[in-house]
Structure formats: C-alpha cells, structure tokens
K.L.:
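I'd like to ask you about the structure that follows.
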Amino acid sequence: IKVHPADFYIGLKPATTFTQINTPFHFEMVTVTPDGKPQPARNVKVKIVQRQWHSVRKAGVDGRYEWISKHVDTLVDSMMLTGQEKPVSGQFTVKAAGYYLLTAEGQDPSGRRTLSEVSFYAVGSGYVAWEREDDDRIQLVPDASRYKPGETARIMIKSPFEKAKGLVTLEREGVLWQTAVELNGSTPTIEIPIAEKYLPNVFVSVILLQGRTSNYVFSQEGEDVGRPAFKIGYVNLAVDAGSKHARIAVKSDKEEYRPDRKSTRLNSSHVS
C-alpha cells in the first residue's frame, strides 16, 4: 500500500548543476497531486543550505591516525512561494563556493508535511572544507549525466589544495589527449569538448600535485604537514549514441489474425 505524506508533492528543478558565486541561481518549483496534476494555492518554504565538513584526525587502535569527518549544515537564505497552475520561478545568490542543498517544505490543509530536496555546487575563489578521506582520491563532478557530440563537458574538481599543478588526461583504452593546468581554489573547473569519436563513453583523469609548503613543520601527531602531496580522480562521461541509432519500423499486413491463419506479408522499412 502506497501512503502519501500529504495531498501534494513539491517538484524542484534547478537551472544548472553549477552556479558561479555572486551570480543568481535560478530554479523552478511546482506543487502537484500524487497523480501529477497541478495543486495550486499550496504555500512552500524554500531554503538554501550550505553543507561543509569538519574533519579531524583521530588515533585508531593500532596507533595510526585516520580522518573523521562530520557535515555541518548552515542556513544561507529562504523564501516563501505559492504553487500555481504553472511552474513558479525563484532565485538565490550565494556568496561562497561549495556544496548546497535546495530544500522545499510545505503542509497540506490537514497539517501533513511534504519535503523535497536537490543539490548543486557554487564555484569560485575561496577555500571549501570538503570531506576528508584516508586515501589520495578526489571527486570529479560533471555538470551533466550524458553529453552529445559537439557539447562541452564542464567538470568541477573537489580540490583540497588552495593552489596546485594538474595533469588532465582523456582516456579509453589508452590516453587520447592530455594537458597540464594550473588550478587555484577548492572548486576549479575544467572543460572537455566532446567529439563523436568518444562514443559511447570516455574517462577524464585529473592528477593534482602540490610541492612542499613549509620547511618540515610537524603536527602534534608527528606528521610532516608541509610535505609534498598528490591527489587523483576519475570520472566516466557518457556520450549519447543517438547519432548512431538506426530507426526501424515493422508492420504486419493485418491488425488481427485467427487461429490457423498466417501472415502473408511482413513489411519493414528503414526510417532513418
């Protein structure tokens, strides 16, 4: 048995996965019944929440130190919107780079709550406290789940370094293309033009290199905090193969057949 939280649902559609800091971030909101019909006159509170991670190093049972990260959510801004027959537009402006949640919450006349949530990234200068892990992996975030040939993929790098040298490679059964870059800030982005030869997918690799940042300064745990470091990340970009699809139509000579009767002809045609 499906039980709905309220007599309406909230739909959120951000205009983009990434937004620049100090630039309006646009989105659309709809309120609909459980069967998908518009449900106007429902008040919805929309909030922007910034999520950051506080990370500390903790000694384990074997004496080795490991990262412990806990996320902290901070309310940035909010507004009230009322559902209409058509999608309602709204916008926020965020001033700091990082990871954000766009949440929408409302109540039906019976007081039952409904909640929807989507996420997006703000890119720009400044340091972002990403989640820390006990390895040298970093996350690469593409701005779409699939690309068509001729489009340009925009990829954000969750960098733990304020400044680093980077090696970007495009790979599939070998290295197809490579370039060296200088990256600044915690949310640098790179652009990858998508060619038809990359069908059906291609991998992007980013290696970050940071030289020594201080002359042998040690933490309380005895760690050389200024030592050289590197990080590496991979992301798979799916490329739409629609240009390679053959559309075929198949049609029989009758709509209905009786037992012991056979089709006398089967027509097929290549559409495109």
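Residues: numbered from 1 along the sequence shown. Keep in mind the model is a prediction, meaning the values are calculated, not measured.
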K.L.:
Provide the closest heavy-atom pair for Ala122 versus Ala96 in the form atom of the first, atom of the second, distance.
P.N.:
CB-O, 3.7 Å
K.L.:
Which residues pass the side chain to side chain contact (heavy atoms under 4.5 Å, CB included) test with Lys70, not counting sequence neighbours?
P.N.:
none
K.L.:
Who are the ring pair (Phe, Tyr, Trp, His ring centres under 6.0 Å) partners of His4, not counting sequence neighbours?
P.N.:
Tyr9
K.L.:
Starting from Val206, can I reach Leu176 by hopping between I/L/V/M/F/W/Y residues whose side chains sit under 4.5 Å apart?
P.N.:
yes
K.L.:
Can you measure from CG (Leu237) to CG (Asn201) and round to the nearest 0.5 angstrom?
P.N.:
8.5 Å
K.L.:
Is Thr31 reaching over with its side chain to a backbone N or O of Ile10, donor-acceptor style, under 3.5 angstrom?
P.N.:
no
K.L.:
For residues 161-172, which residue pairs qualify under side chain to side chain donor-acceptor pair (under 3.5 Å), counting only residues two or more places apart or in two chains?
P.N.:
Lys165-Glu182, Thr169-Glu171, Glu171-Tyr234
K.L.:
Asp240 vs Lys148, test: salt bridge (Lys or Arg N to Asp or Glu O under 4.0 Å). Steps then yes/no.
P.N.:
CA-CA 5 Å; Asp240 191 349; Lys148 295 180 180 180; 5.0 Å; no
K.L.:
First locate atom CG of Leu102, then atom CE of Met29, and finally report the distance between them rounded to the nearest 0.5 Å.
P.N.:
10.5 Å
K.L.:
Please determine if Glu196 and Lys244 form a salt bridge, counting it only when a charged side-chain N lies under 4.0 Å from a carboxylate O.
P.N.:
yes
K.L.:
Do Lys158 and Met156 come within less than 4.5 Å of each other through their side chains, counting heavy atoms only?
P.N.:
yes
K.L.:
Kindly give the cluster partners of Val56, where membership spreads through any ILVMFWY side chain lying under 4.5 Å from a current member.
P.N.:
Ile68
K.L.:
Starting from Met80 and following side-chain heavy-atom contacts under 4.5 Å between hydrophobic residues (I, L, V, M, F, W, Y), which residues can be reached?
P.N.:
none
K.L.:
Do Trp130 and Leu101 belong to the same hydrophobic cluster, where Ile, Leu, Val, Met, Phe, Trp and Tyr are linked whenever their side-chain heavy atoms lie under 4.5 Å apart, directly or via other members?
P.N.:
yes
K.L.:
Which atom names give the shortest non-hydrogen contact between Pro24 and Thr19, and what distance separates them?
P.N.:
O-OG1, 4.1 Å
K.L.:
Nearest 0.5 Å, what's the OG-CD distance between Ser69 and Gln52?
P.N.:
12.0 Å
K.L.:
Does any part of the side chain of Ile21, heavy atoms only, come nearer than 4.5 Å to the side chain of Thr23, both counted from C-beta?
P.N.:
no
K.L.:
At what distance, to the nearest 0.5 angstrom, does OG of Ser119 lie from CG of Leu12?
P.N.:
11.0 Å
K.L.:
List the atom pairs, with distances to 0.1 Å, where a side-chain N or O of residues 38-45 and a protein N or O form a donor-acceptor pair under 3.5 Å, not counting sequence neighbours.
P.N.:
from: Arg42; atom 1: NH2; to: Asp7; atom 2: OD2; distance (Å): 2.8
from: Asn43; atom 1: OD1; to: Thr82; atom 2: OG1; distance (Å): 2.9

K.L.:
Got a sec, which pairs hit ring pair (Phe, Tyr, Trp, His ring centres under 6.0 Å) with one end in residues 21-58, sequence neighbours left out?
P.N.:
Phe25-Phe120, Phe27-Phe92
K.L.:
Checking the side chain of Thr187 only, and the main-chain atoms of Gly124 only, is there a donor and an acceptor separated by less than 3.5 Å?
P.N.:
yes
K.L.:
Supply the atom-to-atom distance Ile190 CD1 to Thr179 OG1, rounded to the nearest 0.5 angstrom.
P.N.:
9.5 Å
K.L.:
Do Val118 and Val76 share a hydrophobic cluster (ILVMFWY, side-chain heavy atoms under 4.5 Å, transitive)?
P.N.:
yes
K.L.:
Cluster question for you: counting only ILVMFWY and a side-chain heavy-atom cut-off of under 4.5 Å, with indirect links fine, are Ile155 and Ile232 together?
P.N.:
no
K.L.:
When rounded to the nearest 0.5 angstrom, what distance separates OG1 in Thr152 from CD1 in Ile192?
P.N.:
9.0 Å
K.L.:
Listing request: all ring pair (Phe, Tyr, Trp, His ring centres under 6.0 Å) pairs with a residue in residues 165-212, at least two apart in sequence or in separate chains.
P.N.:
none
K.L.:
What residues form a salt bridge (charged side-chain N to carboxylate O under 4.0 Å, His left out) with Arg132, not counting sequence neighbours?
P.N.:
none
K.L.:
In chain order, what residues pass the salt bridge (charged side-chain N to carboxylate O under 4.0 Å, His left out) check against Asp108, with sequence neighbours excluded?
P.N.:
Arg112
K.L.:
Considering non-hydrogen atoms only, spot the tightest contact between Thr114 and Ala6 and give its length.
P.N.:
CB-CB, 4.1 Å
K.L.:
How close do Arg154 and Val123 get, counting heavy atoms only, and between which atoms?
P.N.:
NH2-CG2, 3.7 Å
K.L.:
Can you check whether Leu183 reaches Leu208 side chain to side chain, under 4.5 Å on heavy atoms?
P.N.:
yes
K.L.:
I'd like to check Pro200 versus Val239 (side-chain heavy atoms, cut-off strictly below 4.5 Å). Are they in contact?
P.N.:
no
K.L.:
Examine Val181 and Val235 and state if one hydrophobic cluster contains both, with Ile, Leu, Val, Met, Phe, Trp and Tyr joined whenever side-chain heavy atoms are less than 4.5 Å apart.
P.N.:
yes
K.L.:
Using the ring pair (Phe, Tyr, Trp, His ring centres under 6.0 Å) criterion, which residues pair with Phe161? Sequence neighbours excluded.
P.N.:
none
K.L.:
Looking at Lys231 and Asp136, is there a salt bridge between them, counting it only when a charged N and a carboxylate O are closer than 4.0 Å?
P.N.:
yes
K.L.:
Taking C-beta and beyond as the side chain, do His71 and Glu131 meet within less than 4.5 Å on heavy atoms?
P.N.:
no
K.L.:
Please report the closest heavy-atom contact between Ala97 and Ser125, naming both atoms and the distance.
P.N.:
CB-O, 4.2 Å
K.L.:
Salt bridge (charged side-chain N to carboxylate O under 4.0 Å, His left out) with Lys47: which residues, sequence neighbours excluded?
P.N.:
none
K.L.:
If you define the side chain from C-beta out and look only at heavy atoms, does anything of Pro142 sit under 4.5 Å from Tyr147?
P.N.:
yes
K.L.:
Minimum heavy-atom separation for Val202 to Asn236, with atom names?
P.N.:
O-OD1, 3.4 Å
